[in-house]
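We count ligands from 1, going down the list as the structure has it; atoms in each ligand are counted the same way. Predicted model only: the values in this text are computed from it and were never measured.
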Amino acid sequence: MPFLPYGRQHIDDEDARAVEEALRSDYLTTGPRVAQFESAVAGIAGAQYGVAVSNGTAALHCAMHALDIGPGDEVIVPPMTFAATANCVLYQGGRPVFADVCEDTLLLDVTNVRKRITSRTRAIIVVDYAGQPADYADLGALAHDHGLTLVADACHSLGGSYRGRPVGSLADMTVFSFHPVKPITSGEGGMIVTDEASLAERMRRFRNHGIDTDFRQRESSGSWEYAVVELGYNYRLTDIQCALGLSQLRKLDSFRQKREVLARYYLDLLLVRAPAVRPLFLHDDRVHGWHLFMVRIDYSGLGTDRATVFKALRARGIGVNVHYAPVHLHPLYRERLGTSEGTCPVAEAAYKELLTLPLHVGMEMRDVERVVDTLGDITCNCRRE
Ligand SMILES: *Cc1c(COP(=O)(O)O)cnc(C)c1O
């Protein structure tokens, strides 16, 4: 049996041709494909501006910089995410404050967020965990009431929507990643979309060494002058990557639909063949991006543990994973912020039960059957013949 990874890119001949065209064009970077990719993603996400950067982590850094997050500032983040969601606050010298997640969805719990707001709070970064859009109506109202900026880490949910509004139009700034396992890929890549021209401008400068392009634009063409007006980085995305991203973006809908079909088949099969394996709750007012297919298993209740199940599945070619160890329990956070067990009890309890099952566009229905049957075999106590 071939190994089935938990996530994988899906590249076709059209993608390859688009990349080759870019390679043979006049611009390998800072050319026309960057702006094309930016406006295409912004269009799908229902936002005015897109700022393409080298990866999703750089996008989060740009967002925190554009908000002038700095020492003394607090930014509320969920623990059930990739570390970059919180690391970006530390890059700026700010303090990530962890708010717990909801038991059923593992999305940020608005009630818990409210409790963590202080006079130092500047922003909330919300994560569309596994691809399901978060509770944007409540989060938006809370942010508005306290004068906070709402940033969406939508690295899982490109193509999703909430009450009919696309992911990308639900927060002040929304961050995407185009890493190979994400909804679409550009190899590495990231983007921030926003309706705020001043934020977009600030982020464009930050990704290019802090060089003031307005100054350059004011100069007569052919001038060698440019001004570094603040400290920035080289976070640019190449035209080669944007060519791939543009080509992939045309397939976003069909990719998302295919993953949804696979996910719904998982849900149906698990119910009858492995009832002890519990999927996450799905709200019916949102379109799920289906980046990850997460389940919870009460391992100790079944007389086993996750390591045993994990190894047994891997040994049978099923590339399971775990997303995520709560960020506040990483040594960096324990040491820097003094976080520990008990900081976010719901996320900590969920983590002990989590398992990520394979879900990607290249899978067939029989792959889903294979995963569920293998899982049923291994956790045989929960198998109902
Ligand atoms: C992947 C991911 C990131 C980081 O994106 P990169 O492109 O890998 O830097 C940030 N947040 C979340 C939730 C992610 O899944």
Give the numbers and elements of all ligand 1 atoms closer than 4.0 Å to a heavy atom of Y324. 15 (O)

Numbered atoms of ligand 1 (with element) below 4.0 Å of T85, judged on heavy atoms: 11 (N)

In the protein, which heavy atom is nearest to [atom], and how far is it?
atom                    : answer
atom 6 (P) of ligand 1  : G56 N, 3.5 Å
atom 14 (C) of ligand 1 : K182 NZ, 3.1 Å
atom 9 (O) of ligand 1  : T57 OG1, 2.5 Å
atom 11 (N) of ligand 1 : D153 OD2, 2.8 Å

Strictly under 4.0 Å, does any heavy atom of F176 approach an atom of ligand 1? no

For H291, is the nearest heavy atom under 4.0 Å from an atom of ligand 1? no

Once the angle between the rings of F293 and W290 is folded into 0 to 90°, is it parallel (under 30°), tilted (30 to 60°) or perpendicular (over 60°)? parallel

Side chains of H323 and T356: donor-acceptor distance under 3.5 Å anywhere? yes

Does NZ or CZ of R306 come closer than 6.0 Å to the centre of the six-membered ring of Y351, within 45° of the ring's axis? yes

For F178 and T185, the nearest pair of non-hydrogen atoms, with its separation, is O-OG1, 2.7 Å

Carboxylate-amine/guanidinium proximity below 4.0 Å for R204 and E38: yes

Ionic contact status for R316 with D377, cut-off 4.0 Å: yes

What about S177: any of its N or O atoms under 3.5 Å from an N or O on ligand 1? yes

